[in-house]
**Student:** 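Have a look at this one before I ask anything.
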Amino acid sequence: MNNIASIAISNTTRKFDKDYHYIIPDKYIGSIVPGMRVIVPFGKSNRLVEGYVLDVLESPEVSSLKEISRVIDEKPVLKENMIRLACWMKRQYICTYYDTIKCMLPPGTGVSSTKVVRLKKCEGGFKGNIKKIIDVLAECGGEMEYEELKKQVNTKTFAKYINNLKEQGCIEVHEEFTSKVKEKYVRAVYLAKPWEEVVYDIETNKIKNIKHIRILELLAENEYIPVGDIVRFVGVSAGVLDTLKKKGYLEFEDIEVTRDPAANMPYERTLPMKPTQEQQVVIDRVKSMLDSGEFNEVLLHGITGSGKTEVYLQLIGHCISMGKQAIVLVPEISLTPQMVNRFKGRFGEDVAVMHSRLSLGERYDQWRLVRDGRTKVVVGARSAVFAPFDNLGLVIIDEEHESSYKSEIVPKYHAAEIARQRCIMENAVLLYGSATPSVETYYRAKTGEIELLEMTKRANNMLLPEVKVVDMRNELNAGNRSVFSRCLQNEIRKNIDSGQQTIVFLNRRGYATFILCRNCGYVLKCPYCDVSLTYHSHEERVICHYCGFTVKNPEHCPKCKSNHIRNFGTGTQKIEEEVKKQFEGCTVIRMDLDTTTGKNSHEEILRKFRDDNINVMVGTQMIAKGHDFPNVTLVGVLAADSILNTGDYKAAERTFQLLTQVAGRAGRGTIPGRVIIQTYNTDNYSIVCACEQDYVSFYNNEILVRKNLQYPPFIHLASVILSGVNDKQVLNRALFVKNELCRHFKDNGSTAQILGPLRAPLAKIKNKYRWRIVIKCEESDKLIDVLTKVSDGYYSKSAKNSVALSVDINPVNML
DNA sequence: AGCACGCCGACT
DNA sequence: GTCGGCGTGCTC
Ligand SMILES: [Zn+2]
Ligand SMILES: [Zn+2]
């Protein structure tokens, strides 16, 4: 008999994160299964905490164990595959069970508790604070919230007195648990009589009112109908339903409704298209992988417009026909309604959507659709890789090179790593798709570790744009101080005259915005962080994105007192002004991801740009992803080289990917597009290759650089960041940690380069100084092994650490 | 992390 | 005797 549960506790630290064993009370034996959420007493005080059943096992040795207090939900929230994944992640990312489980569950599901204290008897001579507790409690009618009572009594040893009183039987403490998200119910009606009887009553004129008949007819076709729907469809007031209930024809009941994020997003059903020859080859190959039922990893390198999405759709179709499920990952910014509709168009309501822009309720409902097997395809951003399918056949990672697949918070996983592990454990096929694969993935394909499939032809005979690189040094020499080269100016003017549209991209390093004094060049910075402040138009305030520090938008420069201080956004505002100044009567629209707020304003701006035929749109690079603008015939890229030479080993790759994408998109219509790339660095291979849309040449160049400088894929990177308020102390700890790292690498017999400590790129956040150690190691396992030992060792020694240590394995952003 | 326990010194 | 402060140790 399985009488013991092995349980992971919520809110632990690495130090005490293990499987804790609890007795399953007799009443729960058989009903508590792995993956369930329970409440258990934990620690000396037996405070009640949330726990996750990892396993149930049998043991006669029971004496020293505590009992599970109660179960939270009737169904498991984690399936067996997810529990195995959690164990793997805990090891891989040096985090806790709970950290990993949080990734797998929709946000808002965690329980929070309220404790209520009740007075039972108040005999006995109480004195001091104990008397005060009794008095306050009695004054409030003998029942009070724990926290409120604690506040009013205001003593440091409150918990002790409460325990004391509890033991004496004077008070009782009740604890309730609730979670933020709940199922949504609506009032609905159903037929309370057999349909034949209703028909009889209608025929015998017992029911005459035409609207009554209409309602009953609707109910004959649908078991339950929400009251609101009847009111709307039939055009009656809710009171009519009360009448019908009184006559015994119908009954009310609350039914659960699924909150559908796309409820009023119509889509058209599509049928599979006849694949091109190239597409067919890819489809056949991956289908045979699916048929084999074994783990397989494959890179689909297909240029923009080669029809990757149709390939995905047909593979998913095959996967479904095998009775399996599929996950499609798409970068958050590309996850537009149009994108989702391509999948819904093919698979209808078998598609669930998962991304962070949905409300808590919607996310919860979409997640449950997946868990309960009511859907077969998930389309989503990074977190969708945790979709709780139990018969996974295929995972597709579109735009595999996108850095948004890497999580910025603990556990700092990359969606591709999780997908790979899932596919290994669940015998699924993992398909990476990209027009510009990351160098690491392409290397794996080239060396035969994973399979490489290619699509090199444009499915719809799109015309490639004509790309021109302008050397901005020449402009300067010729006395042109404008942000636009003479060439770009001419082309923009031509476009305005002919009524065609232009997009101007400003390629910026990072997306941080800034507020600048034009008089003295002073940039407004956060006093606690090493970052510039961001302007928020609500209430005219400036705010720090890292610590939340906020002040009123200054009218005068703090340094020179001039009133020339103002918001430059991502720099796009200045470009916008420039366009207005240089092109009389030109209409401009600006799009900054940072400053656009609200659910639809992003979509709204793009729609306005297209529908109102605005002359010029100015924005940061990613804005036009997943959108078609048939009338855009000119794209200008300003500062194309701005992320080169920033010290990030991925800078060249990013530049190439960005420019290729821009160049690949202009000219989708009937008129050939023109792309003008402005740079100070005309001969850098990432720019040259992008102009020619030549990935392979870029790769061949870049892989040599990576090899020479010892960067991925030739080594594994890790970054260790130490942070604390005392700069000197942080550096000291960093030096200590470096020593520890060296020692452990020696111990496990592997070699690594340990660089630093140097000041981290964000040298100060929330008043904490940051120092970074960078590690390069060939063996991934040993790297993780050493980092685990050093990190756990660091936290096991001094309990009170004023310097925090955080680890990022395979960071994608070295800046 | 959170909490109890233990020891000490301050205050009544 | 009562209360708070702080260091230590443990969590099935
Ligand atoms: Zn700040
Ligand atoms: Zn100034």
Side-chain angles (χ1 to χ4, degrees), chain A residues 2-25 28-29 32 34 36-71 83 87 90 94-102 110-115 117 124-136 146-147 149-168 173 175 177 409-410 724 791-806:
Chain A
N2 290 329
N3 55 341
I4 303 294
S6 157
I7 289 172
I9 303 295
S10 67
N11 295 315
T12 57
T13 64
R14 281 280 298 182
K15 213 172 152 185
F16 62 106
D17 186 55
K18 33 187 163 218
D19 311 10
Y20 291 92
H21 287 187
Y22 284 85
I23 297 167
I24 302 176
Y28 289 140
I29 284 185
I32 286 189
M36 271 183 146
R37 279 197 309 169
V38 292
I39 304 278
V40 291
F42 191 66
K44 263 187 202 161
S45 62
N46 282 329
R47 74 200 153 93
L48 296 177
V49 296
E50 191 178 311
Y52 294 81
V53 178
L54 300 176
D55 202 1
V56 288
L57 34 115
E58 195 187 336
S59 168
E61 192 35 55
V62 131
S63 53
S64 61
L65 302 184
K66 295 177 186 177
E67 273 196 5
I68 290 174
S69 151
R70 48 192 125 159
V71 293
I83 295 174
C87 296
K90 175 175 149 85
I94 322 181
C95 62
T96 67
Y97 281 122
Y98 190 58
D99 287 330
T100 70
I101 290 168
K102 269 187 291 184
V111 291
S112 56
S113 82
T114 41
K115 281 193 276 189
V117 185
F126 302 112
K127 41 192 167 183
N129 279 333
I130 296 207
K131 185 171 183 326
K132 198 170 170 190
I133 291 177
I134 299 286
D135 287 349
V136 171
Y146 184 93
E147 290 303 319
L149 182 61
K150 185 175 174 180
K151 214 164 90 192
Q152 289 198 22
V153 175
N154 187 29
T155 167
K156 290 284 178 322
T157 38
F158 182 73
K160 212 161 116 187
Y161 301 139
I162 289 290
N163 285 337
N164 208 313
L165 285 163
K166 229 162 55 178
E167 268 166 39
Q168 288 179 49
V173 182
E175 197 165 359
F177 295 87
I409 54 166
V410 177
S791 169
D792 285 352
Y794 182 82
Y795 279 108
S796 74
K797 288 206 180 75
S798 47
K800 236 177 102 88
N801 248 322
S802 54
V803 177
L805 179 154
S806 85

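Chain letters run A, B, ... following the sequence lines, proteins first and then strands; every chain starts at 1.
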**Student:** Measure from the side-chain heavy atoms of N163(A) and tell me the nearest of dC12(C), dA4(B), dG4(C).
**Tutor:**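 Output: dA4(B).
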**Student:** May I ask you to say what K160(A) touches in the nucleic acid, namely base, sugar-phosphate or nothing, with a heavy-atom cut-off under 4.0 Å?
**Tutor:**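 No contact at all - K160(A) keeps every heavy atom at 4.0 Å or more from the nucleic acid.
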**Student:** Take atom NZ of K44(A) and atom P of dG9(C), then tell me their distance rounded to the nearest Å.
**Tutor:**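 To the nearest whole Å, that distance equals 10 Å.
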**Student:** At under 4.0 Å between heavy atoms, what does F16(A) touch on the DNA or RNA strands: base, sugar-phosphate, or nothing?
**Tutor:**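 Base contact.
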**Student:** Whole angstrom is fine here: how far is it from CG in D19(A) over to P in dT11(C)?
**Tutor:**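 Computing the D19(A):CG to dT11(C):P distance gives 15 Å.
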**Student:** Where the side chain of A159(A) is concerned, which of dG4(C), dA4(B), dA1(B) is the nearest nucleotide?
**Tutor:**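 So the side chain of A159(A) is nearest to dA4(B).
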**Student:** Please assess I39(A) against E175(A) for the test side chain to side chain contact (heavy atoms under 4.5 Å, CB included), listing each intermediate value before the final yes or no.
**Tutor:** CA-CA 11 Å; I39(A) 304 278; E175(A) 197 165 359; over 6 Å; no
**Student:** Quickly work out the E147(A) CD to dG2(B) C1' distance and round it to whole Å.
**Tutor:**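 The distance from CD of E147(A) to C1' of dG2(B) comes to 13 Å, rounded to the nearest Å.
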**Student:** Distance check needed: dA1(B) C1' versus Y795(A) OH, whole Å only.
**Tutor:**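 In whole Å, dA1(B) C1' and Y795(A) OH are 13 Å from each other.
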**Student:** The side chain of S45(A) lies closest to which of these nucleotides: dC3(B), dG4(C), dC12(C)?
**Tutor:**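 Of dC3(B), dG4(C), dC12(C), dC3(B) is nearest to the side chain of S45(A).
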**Student:** So do the side chains of M36(A) and Y28(A) get within less than 4.5 Å of each other, counting heavy atoms only?
**Tutor:**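 A side-chain contact under 4.5 Å is absent here.
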**Student:** For the pair made of CG in D17(A) and P in dA1(B), what is the distance, rounded to whole Å?
**Tutor:**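 In whole Å, dA1(B) P and D17(A) CG are 13 Å from each other.
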**Student:** Does a nitrogen or oxygen in the side chain of N129(A) sit under 4.0 Å from OP1 or OP2 of dC3(C)?
**Tutor:**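 Yes, within the criterion.
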**Student:** Mind checking Y161(A) for me? I need base, sugar-phosphate or nothing, with any heavy atom below 4.0 Å counting as a touch.
**Tutor:**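 Answer is sugar-phosphate: Y161(A) comes under 4.0 Å of backbone atoms only.
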**Student:** Rounding to a whole Å, what distance do you find between F42(A):CZ and dG2(B):C1'?
**Tutor:**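 That distance rounds to 10 Å.
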**Student:** Judged by modelled atom types alone, do N163(A) and E167(A) share a side-chain donor-acceptor pair under 3.5 Å?
**Tutor:**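 Their side chains do not contain a donor-acceptor pair, so the 3.5 Å distance test is not met.
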**Student:** What is the separation between atom CG on D99(A) and atom P on dA1(B), rounded to the nearest whole Å?
**Tutor:**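 Value for this atom pair: 12 Å.
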**Student:** Reckon T155(A) touches a base, only the sugar-phosphate, or nothing at all at heavy-atom distances under 4.0 Å?
**Tutor:**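 The answer is sugar-phosphate, as T155(A) gets under 4.0 Å only of primed atoms, P, OP1 or OP2.
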**Student:** At their closest point, which heavy atom of F16(A) faces which heavy atom of N11(A), and how far apart are they?
**Tutor:**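 Scanning both residues, the minimum pair turns out to be CZ-O, 4.3 Å.
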**Student:** Report yes if the distance between the aromatic ring centroids of Y161(A) and F126(A) is under 6.0 Å, otherwise no.
**Tutor:**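 That pair fails the under 6.0 Å test.
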**Student:** Under 4.0 Å between a side-chain N or O of T157(A) and OP1 or OP2 of dG4(C)?
**Tutor:**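 Checking T157(A) against dG4(C): at least one side-chain N or O falls below 4.0 Å of OP1 or OP2.
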**Student:** Expressed in angstrom and rounded to an integer, what is the separation of F158(A) atom CZ from dT2(C) atom C1'?
**Tutor:**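 Distance check: F158(A) CZ to dT2(C) C1' gives 18 Å.
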**Student:** For the side chain of K156(A), counting heavy atoms from C-beta on, which of dC12(C), dG4(C), dG2(B) is nearest?
**Tutor:**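 Ranking dC12(C), dG4(C), dG2(B) by closest atom to the K156(A) side chain puts dG4(C) first.
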